[in-house]
*Asks:* 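One structure follows; several queries about it will come next.
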Amino acid sequence: MPNSSEDARGFVGIAFRIDEQNSKFECFYLRPSNGRADDQVRRNHSLQYISYPEYPLHRLREETPKKYESYSDLEVGKWTKVKIVVENSSAKLYLHGASQPSLIVNDLKHGPALKGSIGLWIGPDTEAHFRNLVVYKQD
């Protein structure tokens, strides 16, 4: 957003398996301003997974560095096609219509039993736009 701090790099994603109390969910999110940064470490933080509330990013990074984040070529202000496939305890994040996932999580922290809603998710100091959201239930 305009007037946000230099450290605010944008957080935009999709939360899924949101429980009825809105107290638990899994989430994939993108950080578009990291996608073309001049710093490789920052680039590697372009795509991220969190599991709220027990597994925020800082805990996942500390306990299992690099496992729940990845690089992708993202551009600020450009549309990014996103596809998420969730099955049992795994979730895969696909970008730009690719046939291979950009980020794979095989151990969703809330496990396969958590069911729930899907929500649009943005972090602090972030302005984001969504369009053409489609949800399919797998058979």
*Asks:* Counting C-beta onward and ignoring hydrogens, is there a side-chain heavy-atom pair between Arg31 and Arg42 closer than 4.5 Å?
*Replies:*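 Side-chain contact under 4.5 Å: no.
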*Asks:* For His96 and Asp73, indicate whether the former's side chain and the latter's backbone hold a donor-acceptor pair under 3.5 Å.
*Replies:*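 Checking the backbone N and O of Asp73 against the side chain of His96, a donor-acceptor pair under 3.5 Å is found.
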*Asks:* Of all heavy-atom pairs between Tyr71 and Gly35, which one has the smallest distance, and what is that distance?
*Replies:*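 That closest heavy-atom pairing would be CE1-O, 3.2 Å.
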*Asks:* Does one hydrophobic cluster hold both Phe11 and Phe16, with members joined at side-chain heavy-atom distances below 4.5 Å?
*Replies:*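 Phe11 and Phe16: separate clusters.
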*Asks:* With a 4.5 Å heavy-atom cut-off, do Leu114 and Leu108 have their side chains touching?
*Replies:*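 Counting from C-beta outward, Leu114 and Leu108 never come under 4.5 Å.
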*Asks:* Considering non-hydrogen atoms only, spot the tightest contact between Leu47 and Ser72 and give its length.
*Replies:*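 Smallest interatomic distance, heavy atoms only, reads CD1-CB, 3.7 Å.
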*Asks:* Is the number of heavy atoms from other residues, nucleotides or ligands under 6.0 Å of Lys24 NZ greater than 12?
*Replies:*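 Count not over threshold, so no.
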*Asks:* So which heavy atom on Ser33 is nearest to which on Gly10, and how close?
*Replies:*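 Where Ser33 meets Gly10 most closely, the heavy atoms are OG-N, 4.4 Å.
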*Asks:* Which value, rounded to the nearest 0.5 Å, describes the distance between Gln100 atom CD and Lys92 atom NZ?
*Replies:*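 Taking CD in Gln100 and NZ in Lys92, the distance rounds to 8.0 Å.
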*Asks:* Would you give the length of the straight line joining atom OG of Ser46 to atom CG of Leu74, rounded to the nearest 0.5 angstrom?
*Replies:*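 Output value for this atom pair is 5.0 Å.
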*Asks:* At what distance, to the nearest 0.5 angstrom, does CZ of Arg17 lie from CD1 of Ile118?
*Replies:*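 Answer for the CZ-CD1 pair, Arg17 versus Ile118, is 10.5 Å.
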*Asks:* Minimum heavy-atom separation for Ile18 and Gly119, please, with both atom names.
*Replies:*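 Looks like CD1-N, 3.5 Å.
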*Asks:* Just wondering, do Leu133 and Leu120 contact through their side chains at under 4.5 Å, heavy atoms?
*Replies:*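 Side chain of Leu120 against side chain of Leu133, heavy atoms only: contact under 4.5 Å found.
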*Asks:* Given the rule that I, L, V, M, F, W and Y join up when any side-chain heavy atoms are under 4.5 Å apart, are Tyr136 and Ile14 in one cluster?
*Replies:*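 No, it is not one cluster - the side chains of Tyr136 and Ile14 are not joined through contacts under 4.5 Å.
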*Asks:* Tyr68 and ring pair (Phe, Tyr, Trp, His ring centres under 6.0 Å): which partner among Phe28, Tyr29, Tyr49?
*Replies:*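 Considering Phe28, Tyr29, Tyr49, a ring pair (Phe, Tyr, Trp, His ring centres under 6.0 Å) with Tyr68 is found only for Tyr49.
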*Asks:* How long is the straight-line distance from OG of Ser89 back to CD of Glu26, given to the nearest 0.5 Å?
*Replies:*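 Atom-to-atom, Glu26:CD and Ser89:OG are 9.0 Å apart.
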*Asks:* Restricting to salt bridge (Lys or Arg N to Asp or Glu O under 4.0 Å), what partner residues turn up for Lys67, sequence neighbours left out?
*Replies:*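 Expected list: Asp107.
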*Asks:* Are the charged groups of Arg36 and Glu75 less than 4.0 angstrom apart, N to O?
*Replies:*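 Salt bridge flag = yes for Glu75 with Arg36.
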*Asks:* How far apart are the closest heavy atoms of Pro101 and Tyr94, and which atoms are they?
*Replies:*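 Of all heavy-atom pairs spanning Pro101 and Tyr94, the closest is N-CE2, 3.4 Å.
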*Asks:* Hey, what do you get for SG (Cys27) to CG (Leu57), rounding to the nearest 0.5 Å?
*Replies:*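 If I round to the nearest 0.5 Å, the distance is 11.0 Å.
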*Asks:* If the threshold is 4.0 Å, N to carboxylate O, is there a salt bridge linking Glu54 and Arg59?
*Replies:*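 Looking at Arg59 together with Glu54, the answer is no, because their closest N to O distance does not fall below 4.0 Å.
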*Asks:* Counting C-beta onward and ignoring hydrogens, is there a side-chain heavy-atom pair between Trp121 and Ile50 closer than 4.5 Å?
*Replies:*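 Side-chain contact under 4.5 Å: yes.
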*Asks:* Would one find more than 12 heavy atoms of other residues, nucleotides or ligands at under 6.0 Å from atom OH of Tyr52?
*Replies:*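 Open.
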*Asks:* State, yes or no, whether a side-chain contact exists between Lys109 and Leu60 at a heavy-atom distance under 4.5 Å.
*Replies:*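 Yes - at least one pair of side-chain heavy atoms lies under 4.5 Å apart.
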*Asks:* Kindly compute the distance separating CG (Leu30) from CG (Leu103), expressed to the nearest 0.5 Å.
*Replies:*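 Leu30 CG to Leu103 CG: 9.5 Å, rounded to 0.5 Å.
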*Asks:* Same cluster or not: Leu93 versus Val86, using hydrophobic residues (I, L, V, M, F, W, Y) connected whenever any side-chain heavy atoms lie under 4.5 Å apart?
*Replies:*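 Leu93 and Val86: one cluster.
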*Asks:* With sequence neighbours excluded, tell me which residues meet ring-ring contact (aromatic ring centres under 6.0 Å, His included) with Tyr55.
*Replies:*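 Tyr55: no ring-ring contact (aromatic ring centres under 6.0 Å, His included) contacts found.
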*Asks:* Within a 6.0 Å radius of atom CD on Glu20, are there more than 12 heavy atoms belonging to other residues, nucleotides or ligands?
*Replies:*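 Atom CD in Glu20 is not crowded, with 12 or fewer foreign heavy atoms closer than 6.0 Å.
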